[in-house]
Trainee: 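What follows is a single structure, and I will ask about it in a moment.
None of these values were measured; they are calculated from a predicted model. Numbers restart at 1 for each chain; the letters A, B, ... are given by sequence-line order, proteins then strands.
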Amino acid sequence: MPENVLDAPVANQVAPLETDPFDTPPGDLPEVDGDALSVSVDGFEGPLDLLLMLARTQKVDLRKVSVLQLAEQYLEFVNKARALRLELAADYLVMAAWLAFLKSRLLLPPPHEDGGPSGEELAAHLAFQLERLEAMRRAAAQLMGRDQLGRDFFARGMTETVTVKRQTEWTANLADLLRAYSRVRTRDEFRPLQVDRSAIFTMDQALERLKHVIGMAMEWGDLASFLPDGWSLEPAKRRSAIASTFAASLELAKLGQVEIRQDKTFAPIYLRARQREETPA
Amino acid sequence: MSLDDLGPEELGPDAPSGVEALFDAPPLPEQERMVEAILFASAEPLSLAQIGERLPHGSDPAEALALLRKRYEGRGVGVAKIGTGWALRTAPDLGFLMRREAKEVRKLSRAAIETLAIIAYHQPATRAEIEEIRGVSLSRGTIDILLELEWIKLGRRRETPGRPVTFVTTQMFLDHFGLASARDLPGIKELRAAGLLDATPPGAEAEEELPPGEDGEIDDMFPEEEAVA
Amino acid sequence: MSLDDLGPEELGPDAPSGVEALFDAPPLPEQERMVEAILFASAEPLSLAQIGERLPHGSDPAEALALLRKRYEGRGVGVAKIGTGWALRTAPDLGFLMRREAKEVRKLSRAAIETLAIIAYHQPATRAEIEEIRGVSLSRGTIDILLELEWIKLGRRRETPGRPVTFVTTQMFLDHFGLASARDLPGIKELRAAGLLDATPPGAEAEEELPPGEDGEIDDMFPEEEAVA
């Protein structure tokens with residue numbers, strides 16, 4: 001079993017990445033310190049980021065990283081986090097499941113030709129992804145470490161030489177253009193909703209109808225059976241009728257005219273007229 | 001005599017390096033380079049004292065500036081005295097080359113950029129269509145500015161009653177916005193994904209944006225606009 | 001022999017002025033002065049063609065620029081190549097003198113910096129490719145900050161299902177980081193040689209079961225990714 005990464009002080013392995021002076025505001029850093037109890041995935045940008053950090057604890061060239069060992073390290077991390085009842089985002093769990101699958105492929109003898117990729121191929125691809133991510137991080141740090149315009153080297157400070165002919169140049173950039181279009185289209189989406197009223201069964205209508213028919217319903221009846229004729233077939237009309245009839249039934253329950261029953265969540269809702277004789281006066 | 005009193009003349013360009021060198025002014029040619037960079041980058045003319053403040057301790061700004069003025073004599077750019085300060089300026093006799101630089105750069109108005117965006121996405125677009133999408137009538141100046149910038153031009157007339165003129169974007173438009181073609185403009189979903197569209201009103205995700213420039217019929221292009229009062 | 005055939009050499013700097021001289025290009029040293037003034041006055045890099053447009057008819061902008069570059073070698077200000085353009089910029093080693101000119105640069109998030117690097121090294125890059133390399137989905141605001149800075153722009157749509165938009169870096173990006181071209185990005189040759197700018201490990205089989213979180217998008221850059229479990 002590899003060393004327990006949760007217990008290992010790994011901060012120093014993370015360090016090379018954090019030397020990038022332009023980034024990583026405080027709080028952005030992965031937080032895995034010597035204390036076994038402080039397991040946090042908050043600082044990681046997803047499972048791949050966490051895997052990369054774990055891979056670094058193997059202290060080998062990323063090309064030589066043991067993917068099997070890495071899978072175990074990750075699964076152990078996830079188990080630990082779960083034991084501590086930490087909420088893990090779904091993608092961490094998906095990655096855990098995939099790594100468990102990869103582990104089994106790596107450990108079991110190669111299956112008969114099922115056409116799927118071998119465990120080694122999957123492992124090679126994962127190792128490649130880690131190496132590529134690390135390479136991009138290093139490239140990003142190198143890029144930001146370059147001399148930058150307006151900080152290390154400069155364009156001319158004064159803007160205008162000759163003011164012979166005043167000419168207005170209108171300018172806009174691509175972000176302006178795209179924002180403008182977004183704005184126009186959003187405004188469109190916020191226009192007052194105009195619904196085809198024919199598909200709407202209003203609550204007033206439902207209340208009127210329910211008041212009339214509930215008086216005859218001494219037995220429990222499914223809410224759906226109280227819908228007006230012709231409103232149950234078309235989905236849009238049915239939805240509207242159910243919503244308004246349900247709202248109307250709540251209203252009548254408040255007034256003490258109706259009783260409502262539902263056996264469990266999402267079970268059918270039953271209504272009946274309030275049984276007067278059972279009510280203590 | 002302290003090191004600070006040593007001008008570069010005393011030490012010369014071959015002054016011994018070492019601990020003391022940290023406190024020495026750089027050689028005069030280096031100071032001249034420095035004055036050149038300082039004047040170039042400064043947004044306003046600088047006095048000799050201001051130049052001196054920016055140079056390493058012990059430098060001789062007057063001497064360095066004199067060298068620089070000499071170097072730029074007769075060049076396309078020169079060291080000019082402006083009030084009590086010094087600045088790099090283009091040579092007065094070359095002013096005729098610079099006329100096009102004398103521009104006042106202003107951000108395009110909101111109406112103009114929205115109009116432009118609608119034309120870019122829905123081209124060819126008529127004035128009525130632009131007004132319909134923006135929900136306000138279009139002022140004359142808006143289209144004029146865009147035409148003048150040569151970001152839009154007239155397209156074919158629409159073969160509908162009244163045969164309205166249409167507007168389309170130009171190659172200059174593509175050049176200015178760094179686009180390979182109008183078809184490369186992102187759709188609504190992609191705009192939202194890029195964070196350029198902030199609000200997501202309920203039900204909005206159903207909307208599928210037509211890729212621009214697909215040349216759809218006008219009726220296909222604005223299907224949801226019919227309900228507009 | 002027409003006057004247009006006369007190079008500046010034939011006429012010399014002392015060529016008689018008058019009506020004919022209007023049609024001659026000025027002598028090369030004068031052209032160099034002009035290029036100097038033109039570059040000096042322009043805030044943005046100018047291409048050789050743009051410089052040529054501003055020079056008198058018959059001038060040789062390439063030759064004049066070559067002379068100018070030589071003249072500015074080792075100076076406090078230099079002629080920098082930025083993409084397809086040229087601009088005057090202060091020498092990077094003198095940056096410390098210009099501290100007070102330095103603008104407060106917006107601190108970019110780690111996500112934005114990595115996204116920029118991925119676009120720069122893998123361009124043109126789609127959103128899905130950026131997400132696949134980083135292993136997380138792009139948060140809102142990342143792309144739009146880079147667009148706002150004008151460090152990236154839209155490239156051609158990928159001609160694959162969904163026709164996703166692509167992103168490429170701009171000349172402003174090159175200018176900001178002092179790069180002559182995207183080929184001069186630090187370490188790009190090594191990364192390419194190591195296969196790290198490819199979609200799959202060297203020698204990998206085309207058909208693969210990929211780790212989760214991959215989009216399986218088909219395109220030029222990642223042609224093998226279609227098979228996702």
Trainee: Flag the pair C/Val136 / A/Leu48 as yes when at least one side-chain heavy-atom distance between them is below 4.5 Å, and no otherwise.
Mentor: no

Trainee: Specify which of A/Glu131, A/Met136, A/Arg179, A/Gln142 makes the most heavy-atom pairs with chain C at under 4.5 Å.
Mentor: A/Met136

Trainee: Can you tell me if A/Arg82 has over 12 outside heavy atoms packed within less than 6.0 Å of its CZ?
Mentor: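 At most 12 heavy atoms, drawn from other residues, nucleotides or ligands, come within 6.0 Å of this atom.
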
Trainee: Side chain from CB out, backbone as N, CA, C, O: work out which of these in C/Leu191 comes under 4.5 Å of a heavy atom of chain A, or both, or neither.
Mentor: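 Just its side chain gets close to chain A.
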
Trainee: Side-chain contact, heavy-atom cut-off 4.5 Å: A/Asn173 with C/Glu148?
Mentor: yes

Trainee: Restricting to non-hydrogen atoms, name the atom on C/Arg134 and the atom on A/Leu133 that form the minimum distance, rounded to 0.1 Å.
Mentor: CA-CD1, 3.9 Å

Trainee: Treating C/Thr90 as the side-chain partner and A/Phe154 as the backbone partner, does any N or O pair qualify as donor plus acceptor under 3.5 Å?
Mentor: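 Confirmed, C/Thr90 side chain pairs with A/Phe154 backbone.
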
Trainee: First locate atom CD of A/Glu45, then atom OG of C/Ser139, and finally report the distance between them rounded to the nearest 0.5 Å.
Mentor: 8.0 Å

Trainee: What is the minimum heavy-atom distance between A/Arg132 and C/Ala199, and which atoms define it?
Mentor: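 Taking every non-hydrogen atom into account, NH1-O, 3.6 Å.
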
Trainee: Between A/Leu52 and chain C, which part of the residue has a heavy atom less than 4.5 Å away: side chain, backbone, both or neither?
Mentor: neither

Trainee: So, taking the atom named CD1 in C/Ile152 and the one named CG in A/Leu174, what distance separates them when rounded to the nearest 0.5 Å?
Mentor: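 Taking CD1 in C/Ile152 and CG in A/Leu174, the distance rounds to 9.0 Å.
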
Trainee: Considering only heavy atoms, which portion of C/Leu154 lies under 4.5 Å from any heavy atom of chain A: side chain, backbone, both, or neither?
Mentor: both

Trainee: At a 4.5 Å cut-off on heavy atoms, which part of C/Ala194 comes close to chain A: side chain, backbone, both, or neither?
Mentor: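 Contact with chain A involves both backbone and side-chain atoms of C/Ala194.
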
Trainee: Can you name the closest pair of heavy atoms from A/His125 and C/Pro201 and give their distance?
Mentor: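 Scanning both residues, the minimum pair turns out to be CD2-CD, 3.5 Å.
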
Trainee: Would you mind telling me which of C/Asp144, C/Leu94, C/Asp93, C/Val77 has the largest number of heavy-atom pairs within less than 4.5 Å of chain A?
Mentor: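 That would be C/Asp144.
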
Trainee: Is A/Arg146 reaching over with its side chain to a backbone N or O of C/Phe177, donor-acceptor style, under 3.5 angstrom?
Mentor: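 It does hold such a pair.
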
Trainee: Distance-only check: which donor-acceptor pairs under 3.5 Å involve side-chain atoms of residues 166-173 of chain C, not counting sequence neighbours?
Mentor:
unit_1   : atom_1 : unit_2   : atom_2 : d
C/Thr166 : OG1    : C/Arg156 : N      : 3.4
C/Thr166 : OG1    : C/Arg156 : O      : 2.6
C/Thr169 : OG1    : C/Gln123 : OE1    : 3.2
C/Thr169 : OG1    : C/Gln123 : NE2    : 2.9
C/Thr170 : OG1    : C/Glu150 : O      : 2.6
C/Thr170 : OG1    : C/Trp151 : O      : 3.4
C/Thr170 : OG1    : C/Met172 : N      : 3.3
C/Thr170 : OG1    : C/Phe173 : N      : 3.1

Trainee: Determine whether A/Arg156 and C/Leu88 make a side-chain contact, defined as any pair of heavy atoms from C-beta on separated by less than 4.5 Å.
Mentor: no

Trainee: Which pair of heavy atoms, one from A/Pro47 and one from C/Gly135, lies closest together, and at what distance?
Mentor: CD-O, 4.3 Å

Trainee: With respect to chain A, which residue among C/Ala117, C/Gly195, C/Gly95, C/Pro186 yields the maximal number of heavy-atom pairs within a distance under 4.5 Å?
Mentor: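 Maximum pair count with chain A is reached by C/Pro186.
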
Trainee: Is there a salt bridge (Lys or Arg N to Asp or Glu O under 4.0 Å) between A/Asp49 and C/Arg110 once you walk through the steps?
Mentor: CA-CA 12 Å; A/Asp49 190 24; C/Arg110 169 172 165 166; 3.4 Å; yes

Trainee: Would A/Arg151 and C/Met98 count as a side chain to side chain contact (heavy atoms under 4.5 Å, CB included) here? Give the steps.
Mentor: CA-CA 8 Å; A/Arg151 194 195 67 183; C/Met98 260 73 72; over 6 Å; no

